There are 2 protein chains.
Amino acid sequence: MKPDNQSSASDTTETALSDERAIGSVVPTRRDLRAGTALFRQGDASIGLFYLLAGRMRLVRVTPSGSEVALHTISPGEFFAEASLFSSSYHCDAIALGDSVVLIYGKKALIAEFNRNPEDLWQFAGRLARQVQGLRTRLTLRQIRSATERVRQALLLRCDESGFWKTEGTLKQFGAEIGLTHEALYRALARLERSQAIIRLADGIVVKRK
Amino acid sequence: MKPDNQSSASDTTETALSDERAIGSVVPTRRDLRAGTALFRQGDASIGLFYLLAGRMRLVRVTPSGSEVALHTISPGEFFAEASLFSSSYHCDAIALGDSVVLIYGKKALIAEFNRNPEDLWQFAGRLARQVQGLRTRLTLRQIRSATERVRQALLLRCDESGFWKTEGTLKQFGAEIGLTHEALYRALARLERSQAIIRLADGIVVKRK
DNA sequence: CGTCACATTGATGCCTCTCAAAGCTTGTGG
DNA sequence: CCACAAGCTTTGAGAGGCATCAATGTGACG
């Protein structure tokens with residue numbers, strides 16, 4: 001996570017990458033960012049698409065009056081700034097919250113690739129469409145006020161046909177993902193178990209029909 | 001909003017449409033749905049992309065155990081089932097909540113169009129990317145518990161450089177969009193005005209620097 | 001002028017957040 | 001192998017805030 005060498009004037013290093021993470025024939029470049037460093041700022045000419053390997057990035061828009069509005073926090077494994085491919089500059093700042101590693105897919109290279117090989121563009125669009133789907137679902141889930149019901153629905157969305165959901169990561173994390181404090185989550189789980197809506201196992205949870 | 005004629009065995013009518021709403025050369029078909037009618041069901045072969053002209057549609061997934069999970073509610077002006085273009089069948093049910101009118105863009109026609117004219121695919125992808133952006137922002141906004149602060153941030157996101165936001169639609173609607181009851185919204189606005197964070201005008205709101 | 005939907009403010013209760021504390025698990029080092 | 005630390009898990013007590021119910025004012029429209 002720490003930069004392997006030092007570029008002249010900034011807290012970032014950039015390394016070429018011969019990677020299996022290529023999009024079509026576009027091989028990303030790796031860049032290491034120290035905590036607090038900006039990857040790009042509002043108004044900068046857009047240079048490409050990003051993928052967060054490690055760390056955490058915050059996207060914020062600074063209003064003319066100086067107020068900050070948080071747009072999104074990027075977690076490892078996420079692509080971000082997709083929309084910048086379609087416009088000439090960024091509409092927000094991207095700041096590294098902790099030491100971070102991002103992959104950069106050059107804009108020109110990507111566009112050339114998509115022109116050359118529309119099949120890649122098709123796949124890219126597919127990824128976006130599924131993302132839209134997932135985000136809408138999450139948004140709908142957040143509409144549910146009741147912690148108990150929200151947890152139940154979240155479990156229903158994630159479990160397989162038999163109703164089993166294998167725990168991935170910690171429950172605390174799960175709580176954060178669905179917008180609950182861990183205490184609220186634990187209490188909701190306890191309530192669901194008491195009412196026999198779920199059965200808690202060592203490695204997961206079984207959701208029962210209502 | 002009411003069907004103009006009756007098809008033989010169902011509560012839907014379908015009409016060809018020579019429209020300016022075409023995507024590339026793909027002209028949509030219009031379909032009228034009575035309240036309660038399904039536009040498609042989980043497992044149906046995907047026939048295309050939809051656009052809601054009027055009414056309201058609900059997307060729900062029915063779990064094997066019979067529980068329903070609401071995925072999204074479509075409002076007029078929204079495209080939906082974009083992801084179905086990339087898979088062979090639907091993963092949820094689409095039910096008309098009220099009498100509704102949808103435009104249908106045939107899947108095969110769209111794919112052919114995108115193959116013939118990648119520029120259209122590029123624009124389609126751009127729309128998806130901006131949608132992802134907007135949804136992420138909305139999701140982040142929902143993380144803010146405090147009604148007052150959520151309203152302030154929502155206003156900051158929507159106002160122009162001078163801090164002015166022209167009211168569009170009703171405030172009640174605005175409340176629903178950001179996940180607040182209208183009462184909570186009015187109280188938040190009153191609080192913001194009292195603390196001089198905003199100024200309310202007849203046709204909009206001015207957000208002041210903090 | 002009456003109706004209907006929006007706008008606004010009041011009172012109340014529930015639910016989740018917050019702060020706190022204790023049991024549990026895992027990993028690390030002596 | 002044991003001891004200690006750190007983070008997850010779990011439950012308790014208290015408080016604040018938003019939803020809910022309720023009532024009134026206001027504007028548009030026929």
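Being a predicted model, the structure only gives us computed values, none of them experimental.
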*Asks:* Specify whether A/Phe40 and A/Tyr90 have parallel, tilted or perpendicular ring planes, treating 30° as the upper limit for parallel and 60° as the lower limit for perpendicular.
*Replies:*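 If you compare the ring of A/Phe40 with that of A/Tyr90, the planes turn out parallel.
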
*Asks:* Using the rule side-chain contact (heavy atoms from CB on, under 4.5 Å), only one of B/Leu39, B/Ile74, B/Leu103 pairs with B/Leu52; which is it?
*Replies:* B/Ile74

*Asks:* If you only use heavy atoms from C-beta on, which nucleotide in D/dT11, C/dT9, D/dC8 is closest to the side chain of B/Ala190?
*Replies:*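 Of the options given, the side chain of B/Ala190 lies nearest C/dT9.
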
*Asks:* Are B/Gln173 and B/Glu177 linked by a side-chain donor-acceptor pair shorter than 3.5 Å?
*Replies:* no

*Asks:* Counting only side-chain heavy atoms from C-beta out, which of D/dC8, C/dC6, D/dC18 sits nearest to B/Ala184?
*Replies:* D/dC18

*Asks:* Below the 4.0 Å mark, does D/dC18 have OP1 or OP2 next to a side-chain nitrogen or oxygen of B/Thr181?
*Replies:* no

*Asks:* I need the CD-P distance between A/Glu149 and C/dC15, as an integer number of Å.
*Replies:* 13 Å

*Asks:* Do A/Arg187 and D/dG12 share a donor-acceptor pair, side chain to base, under 3.5 Å?
*Replies:* yes

*Asks:* Would you kindly give the CG-to-C1' distance between B/Leu171 and C/dA5, to the nearest whole Å?
*Replies:* 13 Å

*Asks:* Is there a side-chain contact between A/Arg145 and the phosphate of D/dA19, meaning an N or O under 4.0 Å from OP1 or OP2?
*Replies:* yes

*Asks:* Atom NZ of B/Lys172 to atom C1' of C/dA5: distance rounded to whole Å?
*Replies:* 7 Å

*Asks:* What nucleotide among D/dT9, D/dA19, C/dT16 has an atom nearest to a side-chain atom of A/Ala147?
*Replies:* C/dT16

*Asks:* Is any side-chain N of the basic residue among B/Glu68 and B/Arg58 closer than 4.0 Å to the acidic one's carboxylate O?
*Replies:* no

*Asks:* What is the distance, to the nearest angstrom, from the CD atom on B/Gln173 to the C1' atom on C/dC6?
*Replies:*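 In whole Å, C/dC6 C1' and B/Gln173 CD are 11 Å from each other.
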
*Asks:* To the nearest Å, how far apart are A/Arg191 CZ and D/dT11 P?
*Replies:* 11 Å

*Asks:* Quick check: any donor-acceptor pair below 3.5 Å linking the side-chain of B/Glu183 to the base of D/dC21?
*Replies:*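 Yes, the side chain and the base share a sub-3.5 Å donor-acceptor pair.
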
*Asks:* Is the shortest side-chain N/O distance from B/Arg200 to OP1 or OP2 of C/dT8 below 4.0 Å?
*Replies:*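 For C/dT8, OP1/OP2 do have a side-chain N/O of B/Arg200 under 4.0 Å.
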
